[in-house]
Number of protein chains: 2
Amino acid sequence: MKRIAESTVRRLSLYLSFLEGIERQGLKTVSSDELARLGGTTSAQVRKDLSLFGSFGKRGLGYFVPELSEKLREILGLGKQWRVCIIGAGKIGAALARYRGFAERGFNVTAVYDSDEAKIGKRWETLTVRPISELEKDAAKQGFDIAVVATPAENTPAVVKQVVRAGIKAILNFAPVQLSVPSDVTVRNVNMAMELEGLSFALSNRSE
Amino acid sequence: MKRIAESTVRRLSLYLSFLEGIERQGLKTVSSDELARLGGTTSAQVRKDLSLFGSFGKRGLGYFVPELSEKLREILGLGKQWRVCIIGAGKIGAALARYRGFAERGFNVTAVYDSDEAKIGKRWETLTVRPISELEKDAAKQGFDIAVVATPAENTPAVVKQVVRAGIKAILNFAPVQLSVPSDVTVRNVNMAMELEGLSFALSNRSE
DNA sequence: TGGCGCTTGTGAATTAGTTCACAAACTAAT
DNA sequence: ATTAGTTTGTGAACTAATTCACAAGCGCCA
C-alpha cells in the first residue's frame, strides 16, 4: 500500500469523530460535502482521503454512516485493544492515568512507571507506580503496544532508550524534547510550549 | 510579509529550544547542519526557514547562538507577556492551571472560568474559579490574549462563542471538537484521541 | 423507461513545501 | 597574501499535498 501522509490520518480520525456525532443524531447517510464543512476542508479532500483505502460511498447519495464509521475504525486499527503504559508519574502522567477517554477508545493503561524512588508504590485507582527498571521485564511478560512518555526533559532520552529496548513500537511523547528512535518506532509529539508559541507568533504577525 | 506555513513555525519553536540547550552548554556558534541533526531535518530546511525572516548567519562560521535565540524569540513574539485564561476547571484545566512551564515562557494564567456552579469559587494556588458568564466583562477590564479551552465536547461550541465575543484572538483547544471561529481568530488543537489513533494506525499498517 | 438532480471517484492541474547544488563570504593556517 | 576548508543564502528542481472539474452511477418521480 502506498504511503499515507500524517495529515491524512489526522483527518480520518476527525471524520470518525464527526460520524459518531452524526450517528447519535440518527442520520443514515452523509455526503463528503457535509464532512468537509464539519472539518473545515473541501469535499474533494474528503473523497480523496477515503479513496486511498477503497470506495465506500454511493453516487448520488453519499456514505452510509455506520458503514463508513466501521471502515474508518478498521483503517485506524481501532478494533483491537491496545496495551498502554505511562512513563513518568508526575502531574501530566497522573492526569493521563486518570483520564477516562483512553479506555473508551480501546487504549488500556495497564501500568505506570517512574524512576523516582519517592513515587514508586503510589496507587492511582487500580494502578500502582512501578520502578522503570522493571519495564523491560514487564514488557516481555505482558507486552505493551504504546508508551506514553511524560518525564522531565533531562531524563527523557534515557527513558526512551529503555522503552525502545523493551520492544515498544509506538510512543506518545509529552516531554519537550525531540526523541531519537529507530525507524520502526513511531513517535507523536504533544508539546504545549510549541502550540503556545504558535499562537504567540500568530498574534504577533497578524495582517502583515 | 509572505504567508508562513505552520510547519515552519513549529520548527522555529523547536530550533529555539535547541538553542537554549546549546547556550547552556556554553557554545558560541551553531551551524544549520547541527540544528538539522537535532531536529531531524536537513540543513537546507533550517536555512530556508530562517531566511524567511532575514539572514542571521555568518558564512563559514554558522549562527551566533545568543543572537539567533534572540531573533527567534522576537519572531515568535516571546518578548511580551501574554495574558492567558483557562476555560474549564476539570482535570485538564486543573493540570494546566498548575503547570509551571507556562509562566516561564511568558504565558501568564490570570484567570480560570467554568460554567459548573459546583466548581465556582474553588481556589488553585493564587487563582479562583469564576463563572464563565463573567468572562466578557473581565476581558473588557483586564484583557486576555489567549484562551485555553478545556471543556467537555458538548459545551465547547457555546463556550467558544463567548470567548470570541470577549474579543480573544487565539485559542488553544483541548476539547475533541472542531471549533468554528471567525478568520481573525487563530486556533491550535491538542487532541489526545487523534494522536493515539495516529499511533494505532501506524501500528496496524506497518510495512505494507 | 427516461430524464433530472445529486454525489462519488479520480485523472489532471495547481499550489505548497522540501531538497539540491553552488556562488559568495568568511576563518584559519601558512 | 594566498590557499584550503567551512558554511551561509538562495534560485532552481523536485516532491508532496490539495483543489479542480467532470464522467459515471444512483435514486426518485412522472
Side-chain angles (χ1 to χ4, degrees), chain A residues 1-15 18-19 22 27-72 75 178 198 201-202 205, chain B residues 1-15 18-19 22 27-72 75 178 198 201-202 205:
Chain A
M1 184 189 282
K2 90 161 74 52
R3 201 192 152 295
I4 305 294
E6 180 175 315
S7 54
T8 303
V9 178
R10 301 189 100 87
R11 281 191 302 266
L12 293 177
S13 191
L14 203 55
Y15 303 154
F18 298 151
L19 287 168
I22 291 166
L27 296 172
K28 282 272 170 293
T29 64
V30 67
S31 66
S32 57
D33 211 46
E34 176 65 6
L35 287 175
R37 204 182 51 71
L38 292 168
T41 178
T42 65
S43 64
Q45 179 77 80
V46 173
R47 295 198 298 277
K48 195 63 114 185
D49 287 339
L50 297 175
S51 77
L52 294 170
F53 299 94
S55 55
F56 308 128
K58 271 227 172 347
R59 290 167 194 236
L61 193 60
Y63 301 87
F64 290 105
V65 176
E67 188 187 314
L68 185 57
S69 292
E70 186 44 36
K71 281 290 179 195
L72 286 179
I75 291 166
Q178 207 62 6
F201 176 82
N205 297 274
Chain B
M1 187 188 280
K2 91 161 73 49
R3 200 191 152 288
I4 305 295
E6 180 173 317
S7 53
T8 303
V9 179
R10 300 189 101 86
R11 283 192 300 267
L12 293 178
S13 193
L14 203 57
Y15 303 153
F18 298 150
L19 287 168
I22 292 166
L27 296 173
K28 282 273 170 293
T29 65
V30 66
S31 66
S32 56
D33 211 46
E34 175 66 7
L35 287 174
R37 205 181 50 72
L38 293 168
T41 180
T42 64
S43 64
Q45 180 77 80
V46 173
R47 295 198 299 276
K48 195 60 115 186
D49 287 338
L50 297 175
S51 77
L52 294 170
F53 299 93
S55 56
F56 308 129
K58 270 229 170 351
R59 291 168 194 233
L61 192 61
Y63 300 87
F64 290 105
V65 176
E67 186 186 316
L68 185 57
S69 292
E70 186 43 37
K71 281 290 180 194
L72 285 178
I75 290 166
Q178 208 60 6
F201 176 83
N205 298 274

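Being a predicted model, the structure only gives us computed values, none of them experimental. Naming convention: chains lettered A, B, ... in sequence-line order (proteins, then strands); numbering from 1 in each chain.
- For the pair B:Glu34 CD and D:dT7 C1', the computed distance is 14 Å after rounding to whole Å.
- Nucleic acid contact class of B:Ala44 (heavy atoms, under 4.0 Å, all strands): base.
- OP1 and OP2 of D:dA17 both lie 4.0 Å or more from every side-chain N or O belonging to A:Arg11.
- Put simply, CG on B:Leu50 is 13 Å from C1' on D:dT7, counting in whole angstrom units.
- Of the charged side-chain nitrogens involved, none lies within less than 4.0 Å of a carboxylate oxygen, so that B:Lys71 and B:Glu67 do not count as a salt-bridged pair.
- The minimum heavy-atom distance linking B:Phe201 with A:Ile75 is given by the pair CD1-O, 3.3 Å.
- A:Ile4 is not listed as a side-chain neighbour of B:Asn205, based on a closest heavy-atom distance of 4.5 Å or more.
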Sugar-phosphate or base contact per nucleotide [nucleotides 25-30 of chain D; S, B, -; heavy atom under 4.0 Å]: BB----

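- Phosphate contact (OP1/OP2 of D:dT19, side-chain N/O of A:Thr42, threshold under 4.0 Å): present.
- Using a 4.0 Å heavy-atom distance criterion, B:Ser32 is classed as a sugar-phosphate-only contact.
- Nucleotides of DNA chain C that come within less than 4.0 Å of any heavy atom of chain B span, from the 5' end to the 3' end, C:dG17 to C:dC26.
- The base-pairing partner of C:dT30, taking Watson-Crick or G-U wobble contacts with both distances under 3.5 Å, is D:dA1.
- Counting heavy atoms from C-beta outward, B:Val30 and B:Leu38 have side chains that stay 4.5 Å or more apart.
- Put simply, CD on B:Glu6 is 12 Å from P on D:dT18, counting in whole angstrom units.
- Whole-Å rounding puts the B:Arg47 CZ to D:dG11 C1' distance at 13 Å.
- Across every non-hydrogen atom of A:Leu27 and A:Val65, the tightest pair is O-CG2, 3.7 Å.
- Nearest heavy-atom pair across B:Ala36 and B:Ser43 is CB-N, 3.5 Å.
- Rounding to the nearest 0.5 Å places CZ of A:Arg10 at 11.5 Å from OG1 of A:Thr8.
- In this structure, NZ of B:Lys48 is placed 7 Å from P of D:dG11, rounded to the nearest angstrom.
- When heavy atoms are screened at a 4.0 angstrom cut-off, A:Thr8 is found touching no nucleic acid atom at all.
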Side-chain donor-acceptor distances from residues 49-61 of chain A under 3.5 Å, at least two apart:
unit_1  : atom_1 : unit_2  : atom_2 : d
A:Asp49 : OD1    : A:Arg11 : NH2    : 3.0
A:Asp49 : OD1    : A:Gln45 : NE2    : 3.3
A:Asp49 : OD2    : A:Arg11 : NE     : 2.7
A:Asp49 : OD2    : A:Tyr15 : OH     : 2.7
A:Ser51 : OG     : A:Arg47 : O      : 3.4
A:Ser51 : OG     : A:Lys48 : O      : 2.9

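- OP1 or OP2 of D:dT7 has not a single side-chain nitrogen or oxygen of B:Ser31 nearer than 4.0 Å.
- B:Asp33 places its CG atom 14 Å from the P atom of D:dG9, with the value rounded to the nearest Å.
- Between the CZ atom of B:Phe53 and the C1' atom of D:dG9 there is a distance of 15 Å, given to the nearest Å.
- A:Phe18 places none of its side-chain heavy atoms less than 4.5 Å from the side chain of A:Glu34.
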